[in-house]
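Remember, it's 1-based here, ligands and their atoms both numbered in the order they're listed. Predicted model, so just to flag it, every value in this text is computed and none were measured.
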Amino acid sequence: MIVIGSDHGGLNLKTALKSYLARREIQVTDAGTDNDISVDYPAFGLKVAEMVASGSIERGILICGTGIGMSIAANKIPGIRAALVTDVFMARMAKEHNNANILVLGGRVLDEQKACDLVGAWLDASFEGGRHQGRLDMVSEIEKKYCK
Ligand code: RB5
């Protein structure tokens, strides 16, 4: 199960990715937005990030115009590792090295095929653990120090 959310700038890509995930027989929860009326990306970033951080859904995808706002917002929620990616290598590394639990994409940056390739690379990769887990533990310590 994946939760996917966007603002108006990511709506078209969200629709395309829902079809892609359906073709892969992956269940999707759509957290909105549902139309092209201008909305505020932090509201949707928060909604998806809270669902992932609570453990109710294992991972999420967020899309805004550039992906920048969504990644800034989602990474404020403790436990979230949101990775903004623009190529397949980054998408694979986001899982292998960073164990990203949210993938962030730019709807005004990527075409549909590229976005599907990025999501596929992230989904098909596995976290390598080891020294990378140690580094993520350090990130968690930073979170504990500053997120009170
Ligand atoms: C909305 O126009 C745009 O600012 C938003 O989609 C996103 O790109 C913000 O980072």
Next item on the list: Determine if the distance from atom 4 (O) of ligand 1 to the closest protein heavy atom is below 4.0 Å.
Entry: no
Notebook entry, point to check: I61 and V104: side chain to side chain contact (heavy atoms under 4.5 Å, CB included), yes or no, with the steps?
Noted result: CA-CA 6 Å; I61 296 172; V104 190; over 6 Å; no
Next item on the list: Determine the minimum heavy-atom distance between N35 and I37, stating which atoms define it.
Entry: OD1-N, 3.0 Å
Item checked: Numbered atoms and elements of ligand 1 in range of Y41, under 4.0 angstrom, heavy atoms -> 9 (C)
Check: Short list, please: which atoms of ligand 1 are under 4.0 Å from a heavy atom of H8?
Finding: 1 (C), 2 (O)
Next item on the list: Using non-hydrogen atoms of the residue, decide whether M70 is closer than 4.0 angstrom to ligand 1.
Entry: no
Checklist line | Single-linkage hydrophobic cluster V48~F44, side-chain heavy atoms < 4.5 angstrom | finding: yes
Next item on the list: Report the part of D7 in contact with ligand 1, treating N, CA, C, O as backbone and CB onward as side chain, heavy atoms under 4.0 Å; options are side chain, backbone, both, neither.
Entry: side chain
Notebook entry, point to check: Do you know the tightest heavy-atom contact between K76 and I72?
Noted result: CG-O, 3.4 Å
Notebook entry, point to check: Would the number of heavy atoms belonging to other residues, nucleotides or ligands and lying under 6.0 Å from CG of D40 be above 12?
Noted result: no
Note to self: Give me the residue, atom name and distance of the protein heavy atom closest to atom 8 (O) of ligand 1.
What the structure shows: T66 N, 3.0 Å
Notebook entry, point to check: Does D87 use its side chain to pair, donor to acceptor, with the backbone of F89 at less than 3.5 Å?
Noted result: yes
Next item on the list: Check ligand 1 against G65 and write out every atom of the ligand that is under 4.0 Å from a heavy-atom position of the residue.
Entry: 5 (C), 6 (O), 7 (C), 8 (O)
Check: With a 4.0 Å cut-off, would you call D124 and R24 a salt bridge?
Finding: yes
Check: Does any N or O atom in R108 lie less than 3.5 angstrom from one in ligand 1, N or O only?
Finding: yes
Checklist line | Nearest neighbour in protein (non-hydrogen) for atom 10 (O) of ligand 1 | finding: G69 N, 2.8 Å
